[in-house]
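Worth saying up front: this structure is predicted, and the values here are computed from it rather than measured. Reminder, nothing fancy here: chain letters follow the sequence lines and each chain counts from 1. Side chains are part of it too, since the values below use all heavy atoms of this structure and drop only hydrogens, waters and symmetry mates.
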Number of protein chains: 2
Amino acid sequence: MDTTVEAKRYKRSRQRERILDTLRRTDSHPTAAWIYDELKRDFPDLSLGTVYRNLNILHDQGLVRVLQSGSTFDRFDADTSVHYHFVCQACGKVEDVAFPLPHDLDERASAMLGRVVTGHRLDFFGLCNPCSSAESADPVETGKL
Amino acid sequence: MDTTVEAKRYKRSRQRERILDTLRRTDSHPTAAWIYDELKRDFPDLSLGTVYRNLNILHDQGLVRVLQSGSTFDRFDADTSVHYHFVCQACGKVEDVAFPLPHDLDERASAMLGRVVTGHRLDFFGLCNPCSSAESADPVETGKL
DNA sequence: TTAATTGCAAACGGTTTGCCACGTT
DNA sequence: AACGTGGCAAACCGTTTGCAATTAA
């Protein structure tokens, strides 16, 4: 991630425009590989690395959300009761959160969606106290996780 | 994952007991590597593979929650507005969910936690309609993601 | 004795990166 | 001309797995 004051100046590229376009035309929350397959028709020499690079750029620009970060660590919790988590975007620390959400949230969602809902997961993002006081001018970095 | 009718019969192992014990003694939601380092003192020949194997077993037994799945794909979304997701635990499909949560959820959480909360993420888990009708007797598999 | 468990190391798989030619400004 | 971008392939890194030896039941 860029920590300098100046943001990077990007040039246009057909590939990146088509990647964003492809992403906007679907609601299937595709993987990088799916986008790659999709564009392979029009760009026979397309590389997976190019797709990843551009998705990261688009994310930098705030045009794309990353739903799951497959590149981070698995974290484990022996507390199997219902509770949520607060994740510090600076240091990655994970804290428990006892946030009062409706106890029948799954049932409600189930009824509203017309699907079998067996559970949910809620994470809050932000800065923990130590990191909050340590950082003065920090880049935005929205929705990183 | 075991799809047979009979569940696997586990034997005791010092390593697995210590792994669960270590996990229960902390609230830091550690990674596998952290647990490995922790137990390396008492088990000098301990292997990371053993830690992973046992964490999976403990998860099978419902004694451990996995907070982030680092082994799955990143998924991308060009819709940057606030919305949630429904993830099918059978086929992995991701659907948008317009669930009515308080618009000031982050502010409330921020006040309650005494931390800077910049955002949150809510995922529902369950079975999508196609998978729901396809599966008759399916294993529980709670909290996989 | 039977089968689960372990340590080791190799394999796996999604993602990143170095290199150099090419495209954009 | 200056520098971001693309394609290719190797590297990366957390996680899984095959194997022979060990250990629980």
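- In this structure, B/N54 places its CG atom 14 Å from P of D/dT17, rounding to the nearest Å.
- The separation between A/R53 atom CZ and D/dG7 atom P is 8 Å, rounded to whole Å.
- A straight line from OH of A/Y36 to C1' of C/dG13 spans 15 Å, rounded to a whole angstrom.
- Residue B/N56 places at least one side-chain N or O closer than 4.0 Å to OP1 or OP2 of D/dT16.
- Atom NE2 of A/H85 and atom CZ of B/R65 lie 5.0 Å apart (nearest 0.5 Å).
- Side-chain contact between A/L20 and A/R24 is present, with at least one heavy-atom pair separated by less than 4.5 Å.
- Scanning residues 11-20 of chain B for heavy-atom distances under 4.0 Å to DNA chain C yields B/K11, B/S13, B/Q15, B/R16.
- If you measure from atom CG of A/D42 to atom P of D/dG6, you get 15 Å, rounded to the nearest angstrom.
- Within 4.0 Å (heavy atoms only), B/Y10 reaches sugar-phosphate atoms of the nucleic acid but no base atom.
- Sequence order on DNA chain D of the closest nucleotides to A/G49 and B/S47 puts A/G49 first from the 5' end.
- For B/L55 and C/dT6, the CG to C1' distance is 15 Å, given to the nearest whole Å.
- Residue A/V116 comes nearest to B/S132 through the heavy atom pair CG2-OG, 3.6 Å, listed as atom of the first residue, atom of the second, then distance.
- Of the possible donor and acceptor atoms, none in the side chain of B/D21 sits under 3.5 Å from a partner among the backbone N and O of B/E17.
- In this structure, B/H120 has its ring center closer than 6.0 angstrom to the ring center of B/Y84.
- Straight-line distance from the CG atom of B/D45 to the P atom of D/dA21: 16 Å, rounded to whole Å.
- To the nearest angstrom, C1' of C/dA9 lies 15 Å from CG of B/L46.
- What separates CD1 of A/I57 from C1' of C/dT24 is a distance of 13 Å, to the nearest Å.
- Taking CD1 from B/I19 and CZ from B/F43, the interatomic distance works out to 8.5 Å, rounded to the nearest 0.5 Å.
- Checked against salt bridge (charged side-chain N to carboxylate O under 4.0 Å, His left out), B/R53 has no partners two or more places apart in sequence or in another chain.
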